[in-house]
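Counting from 1, the numbers follow the sequence of the chain as shown.
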Amino acid sequence: MQESSKAVSDELPALNFPKSLSGLLTGKIGIITGASRGIGAATAWSLVEAGAKVVLAARDSRKLDDLSKSINEKYHGEVTLAVPTDVTDSVSVQKLVNETIATFGRLDFAFNNAGEGHKPAPLADLSLEEFERAIKTSILGTFLCLKFEIPEMIKLGSGSIANMSSTAGVQGVKGIGGYVAGKHGVIGLTRTAALDYARQNIRVNVVAPGPIYTERNARFREQAAQGVPLGRIGNREEVASVVAWLCSDLATFVTGAVIPIDGGRLSGSWF
């Protein structure tokens with residue numbers, strides 16, 4: 001039984017993006033943090049499919065290089081650039097933005113996706129290190145990305161930023177207090193930035209996914225689906241498509257929004 005469960009967990013469905021994405025972001029340049037796997041990697045494929053050139057950022061340089069190479073080969077050109085980045089380090093984030101400008105000349109959008117979880121435990125049992133790591137990646141990491149991305153967008157006179165939170169960012173979740181606190185903080189930063197830079201035509205929004213089918217949670221998808229009104233967990237490309245829309249000119253009157261991608265979980269009690 002255990003071998004069968006593992007086999008299922010390793011077989012994520014192939015990405016399948018809607019044809020309507022084609023051309024949505026033609027000519028635009030963006031950054032994705034946390035891009036080496038999961039939702040970040042799927043979003044990289046999505047945004048390139050939509051016509052953008054994308055700078056991929058994450059700590060895992062090998063996975064980042066592999067992803068960049070795969071996308072560039074499929075699209076027959078230098079449509080991505082891999083820049084190893086630690087979002088909790090200001091020098092690293094500034095280097096990321098500087099390399100984006102040096103290579104592509106501008107920054108139109110960003111998906112600040114990097115985050116950090118921890119093993120479930122009651123709040124008082126969390127180690128200080130686990131709590132600090134979750135807070136630092138989500139809150140400090142998002143702040144630093146905003147700090148260095150926004151000035152480049154102001155130079156252009158427009159820009160769109162999508163920050164990654166979670167349904168855990170708008171409610172409590174038992175056993176993951178550090179993660180929950182970090183994701184709540186991302187929403188606070190987003191709403192503040194949206195107000196601070198609205199008159200400069202910089203839009204800042206949040207996506208808040210519920211359970212999404214990734215490498216980390218694939219084996220628990222049937223259990224997670226029981227709490228979703230739509231009866232299944234989400235796919236990576238369903239998050240990526242929302243991010244692509246937010247970064248496009250179809251969402252030019254949307255800022256400061258928190259957009260659940262959760263199959264209806266936040267609508268109310270399902271059981």
Exercise for the section: Determine whether Phe111 and Thr33 make a side-chain contact, defined as any pair of heavy atoms from C-beta on separated by less than 4.5 Å. Expected result: no

Handout entry: Beyond-backbone contact of Ile161 with Met153, side-chain heavy atoms, under 4.5 angstrom
Key = yes

Handout entry: Ion pair Glu99/Lys95, N-O distance below 4.0 Å
Key = yes

Name every donor-acceptor pair, under 3.5 Å, that has one atom in a side chain of residues 252-265 and the other anywhere in the protein, sequence neighbours excluded.
unit_1, atom_1, unit_2, atom_2, d
Thr255, OG1, Val204, N, 3.0
Asp262, OD1, Gly264, N, 3.0
Asp262, OD2, Arg265, N, 3.3
Asp262, OD2, Leu266, N, 2.8

Handout entry: Chi angles and distances behind the salt bridge (charged side-chain N to carboxylate O under 4.0 Å, His left out) call for Lys28, Asp249
Key = CA-CA 11 Å; Lys28 294 187 181 295; Asp249 291 339; 3.7 Å; yes

Problem - salt bridge (charged side-chain N to carboxylate O under 4.0 Å, His left out) between Glu238 and Arg232, intermediate numbers included - result: CA-CA 13 Å; Glu238 290 177 307; Arg232 63 175 178 85; 2.8 Å; yes

Practice task
Determine the minimum heavy-atom distance between Val87 and Ala114, stating which atoms define it.
Solution key: CG2-CB, 3.9 Å

Problem - Value rounded to 0.5 Å, distance of CG in Leu47 from CD1 in Ile31 - result: 12.0 Å

Expected list for residues 138-150: side-chain donor-acceptor pairs under 3.5 angstrom, two or more places apart:
unit_1, atom_1, unit_2, atom_2, d
Thr142, OG1, Ser138, O, 2.5
Glu149, OE1, Asn112, ND2, 3.1

Fill in the blank from the handout: Interatomic distance, OG1@Thr85 vs CG@Leu56, rounded to 0.5 Å, equals 10.0 Å

Problem - Exercise: identify the closest heavy-atom pair between Asn72 and Glu78 - result: ND2-OE1, 3.6 Å

Fill in the blank from the handout: Note: Ile135 and Gly182 closest approach over all heavy atoms is CD1-N, 3.7 Å

Exercise for the section: Measure the CG-CZ distance between Leu25 and Phe109 for me, rounded to the nearest 0.5 Å. Expected result: 5.5 Å

Problem - side chain to side chain contact (heavy atoms under 4.5 Å, CB included) partner of Pro209, the single match among Thr167, Ile233, Val239 - result: Val239

Exercise for the section: Report yes or no: does Arg203 contribute a side-chain atom to a donor-acceptor pair with the main-chain N or O of Leu246 at less than 3.5 Å? Expected result: yes

Fill in the blank from the handout: Between the CG atom in Leu24 and the OG1 atom in Thr26, the distance rounded to the nearest 0.5 Å is 8.0 Å

Practice task
Mind listing the closest non-hydrogen atom pair of Ser92 and Asp86 along with its distance?
Solution key: OG-N, 2.9 Å

Problem - CG-CH2 distance between Leu250 and Trp245, expressed to the nearest 0.5 angstrom - result: 8.0 Å

Exercise for the section: Would you please test Arg106 and Glu152 for side chain to side chain contact (heavy atoms under 4.5 Å, CB included) and show each step? Expected result: CA-CA 7 Å; Arg106 58 190 289 153; Glu152 296 300 330; over 6 Å; no

Exercise for the section: Determine, for Asp65 against Lys69, whether the closest basic-nitrogen to carboxylate-oxygen distance falls under 4.0 angstrom. Expected result: no

Problem - Intermediate values then yes/no, side chain to side chain donor-acceptor pair (under 3.5 Å), Glu49 and Ser46 - result: CA-CA 5 Å; Glu49 174 66 23; Ser46 174; over 6 Å; no

Handout entry: Linked, directly or transitively: Leu67 and Val83 (ILVMFWY side chains, under 4.5 Å)
Key = no

Handout entry: Option from Asn98, Val97, Val91 for which side chain to side chain contact (heavy atoms under 4.5 Å, CB included) with Gln94 holds
Key = Asn98

Problem - Exercise: identify the closest heavy-atom pair between Arg236 and Ala42 - result: CB-CB, 3.6 Å

Exercise for the section: Check step by step if side chain to side chain contact (heavy atoms under 4.5 Å, CB included) holds for Ile154 and Tyr197. Expected result: CA-CA 9 Å; Ile154 291 175; Tyr197 297 100; 3.9 Å; yes

Exercise for the section: May I ask whether Leu156 and Leu96 are part of the same hydrophobic cluster, defined by side-chain heavy atoms of I, L, V, M, F, W, Y residues being less than 4.5 angstrom apart, directly or through others? Expected result: no

Fill in the blank from the handout: Here the gap from Ser165 atom OG to Asn113 atom CG, rounded to the nearest 0.5 Å, amounts to 11.5 Å

Exercise for the section: Heavy atoms only: give me the nearest Tyr179-Ala168 pair and the separation to one decimal. Expected result: CE2-CB, 3.9 Å

Handout entry: Option passing side chain to side chain contact (heavy atoms under 4.5 Å, CB included) with Thr43 (candidates Val207, Val243, Val48)
Key = Val243

Practice task
Say whether, by atom type as modelled, one donor and one acceptor occur between the side chain of Asp108 and the main chain of Gly30 under 3.5 angstrom.
Solution key: no

Problem - Within one Ile-Leu-Val-Met-Phe-Trp-Tyr cluster: Leu107 and Val54, side-chain cutoff 4.5 Å - result: no

Problem - Same cluster (ILVMFWY, side-chain, under 4.5 Å), Ile212 and Ile32 - result: yes

Practice task
Run the numbers on Val55 and Thr80 for side chain to side chain contact (heavy atoms under 4.5 Å, CB included), then give the verdict.
Solution key: CA-CA 5 Å; Val55 179; Thr80 67; over 6 Å; no

Handout entry: Expected output: side-chain Asp60 to main-chain Arg62 donor-acceptor under 3.5 Å
Key = yes

Problem - Step-by-step side chain to side chain contact (heavy atoms under 4.5 Å, CB included) determination, Met164 to Lys183 - result: CA-CA 8 Å; Met164 172 60 89; Lys183 292 305 184 182; 3.9 Å; yes

